[in-house]
Amino acid sequence: MQNPTSADIQRVREFLLDLQARICAGLEQREQAGGGTAQFVIDDWERPEGGGGRSRVLQNGEVIEKGGVMFSHINISRLPASATERHPQIAGAKAQALGVSLVIHPKNPNVPTSHANVRLFIAEPEGQDPVWWFGGGFDLTPFYPDDEDVRAWHQKAYDLCQPFGEEVYTEHKQWCDDYFYLKHRDEQRGIGGLFFDDLNQWDFETCFKYIQAVGNGYLEAILPIFQKNQEKPYTEAQREFQLYRRGRYVEYNLVYDRGTLFGLQTGGRIESILVSLPNLAAWSYRPEWEQDSPEKRLTDYYLKPHNWLNELQ
């Protein structure tokens, strides 16, 4: 297996910083189109252990209530349990990890919450060759789903996977459904997308091209959804349902998300780790939704795995 050189790592870093900038620019344009003036504030930081990052956060906009697009490139002197459960051979090794991770919480309930990340991980066990892999994906969490948007989201995922193999979309879509699942609620976090980890079965260059396709694909998929839905009217009841569903998002990120656990176990920067949480969320005691209502259909239909490319034709 080809091991990445320092030049390879630098190329990945440059792509990630450029991706972060382009995503922020695209979302700021959507904010401005909705009459907002909020911008992503840049917050550069360093870690005592080595490395650092660039956090870019937009809050209280007219279109985006809270969005965090985070770049980090960190050094780890001793790998934590969250990183070695599937790789016991690298337990205690030093490592470096770099990536972009984002969560965007729109203000309008008609616009879905979206998440994406792409990352490279390299461990250096003492006396052994480096162990590396890529990971990432993107997924969509709508409150009032639009079938055309759901299909377009998965069509973008399908299309970007095709150059890498017929089976890639199916495998990474299934991985996404399995990963973004709230076991204690018996429901998906949303309508899915792509998720993958431990990606090193191709050569380094092909793996790198794949995460480039995924990162670029997120931006290409999400901007039309904003443009189509961000001006739609909504009621106070719909806003309350959005906040209620955000509570499930918080539950997932705090209970199950491996990225959150990895950040906490490596002594990461807490504001950056928890930036995925919305400014506002709510929990109601056993709310009952009317039969045949959009709220009931969300939980009964959309929050179950489906073949979205075929079912919504």
Side-chain angles (χ1 to χ4, degrees), residues 14-45 53-72 99-118 136-146 148-153 155-157 160 190-191 193 212-236 238-243 245-246 249 271-272 274-281:
E14 290 171 358
F15 164 73
L16 293 171
L17 284 167
D18 178 67
L19 177 65
Q20 181 192 40
R22 287 187 288 110
I23 289 173
C24 290
L27 292 171
E28 281 181 351
Q29 289 178 358
R30 289 290 92 223
E31 176 68 27
Q32 292 162 8
T37 59
Q39 296 180 313
F40 282 92
V41 175
I42 296 176
D43 182 15
D44 292 329
W45 50 273
R54 168 166 288 189
S55 298
R56 300 187 68 163
V57 180
L58 186 157
Q59 298 187 90
N60 303 317
E62 293 299 317
V63 175
I64 299 171
E65 190 160 12
K66 184 180 182 184
V69 185
M70 323 299 282
F71 165 80
S72 62
V100 164
S101 180
L102 66 95
V103 175
I104 307 298
H105 294 287
K107 185 175 182 179
N108 190 320
N110 292 296
V111 184
T113 287
S114 60
H115 159 259
N117 75 82
V118 285
F138 55 65
D139 65 285
L140 198 66
T141 303
F143 310 101
Y144 292 93
D146 177 283
E148 185 178 289
D149 293 340
V150 173
R151 185 167 52 247
W153 181 261
Q155 188 66 55
K156 171 57 67 176
L160 73 85
I191 58 90
Q212 290 174 287
V214 171
N216 294 332
Y218 165 78
L219 188 61
E220 294 164 1
I222 197 61
L223 291 182
I225 293 176
F226 266 96
Q227 186 170 4
K228 175 182 175 181
N229 298 294
Q230 68 183 58
E231 299 295 336
K232 286 182 177 179
Y234 60 89
T235 66
E236 185 59 33
Q238 288 175 318
R239 171 66 169 167
E240 290 175 0
F241 182 69
Q242 177 197 41
L243 298 184
R245 291 303 313 177
R246 281 184 182 171
Y249 208 91
E271 288 299 320
S272 297
L274 298 183
V275 75
S276 64
L277 305 184
N279 285 0
L280 297 174

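Side-chain atoms of Glu28 do not come within 3.5 Å of backbone N or O of Leu58 as any donor-acceptor pair. Using a distance-only test at 3.5 Å, with no hydrogens or angles considered, a donor-acceptor pair links the side chain of Arg246 to the main chain of Leu280. The closest donor-acceptor contact from the side chain of Gln230 to the backbone of Arg30 lies under 3.5 Å. A donor-acceptor pair is defined here as one N or O able to donate and one able to accept, closer than 3.5 Å; no such pair exists between the side chain of His115 and the backbone of Ser101. Side-chain N or O atoms of Gln20 include one that pairs as donor or acceptor with a backbone N or O of Arg54 at under 3.5 Å. A donor-acceptor pair is defined here as one N or O able to donate and one able to accept, closer than 3.5 Å; no such pair exists between the side chain of Asn229 and the backbone of Val111. Looking at Glu31, its side chain never comes within 3.5 Å of a backbone N or O of Gln39 through a donor-acceptor pair. Side chain of Asn108 to backbone of Tyr234: no donor-acceptor contact under 3.5 angstrom is found.
Nearest heavy atoms, Ser114 versus Leu140: CB-CD1, 4.0 Å. The minimum heavy-atom distance between Trp45 and Phe71, with the atom names listed, is CZ2-O, 4.2 Å. Closest approach of Thr235 and Gln238 over heavy atoms only: N-OE1, 2.9 Å. Closest approach of Lys156 to Glu220, counting heavy atoms only: NZ-OE1, 2.8 Å.
For the atom pair CG of Leu160 and CG of Asn216, the computed distance is 9.5 Å after rounding to the nearest 0.5 Å.
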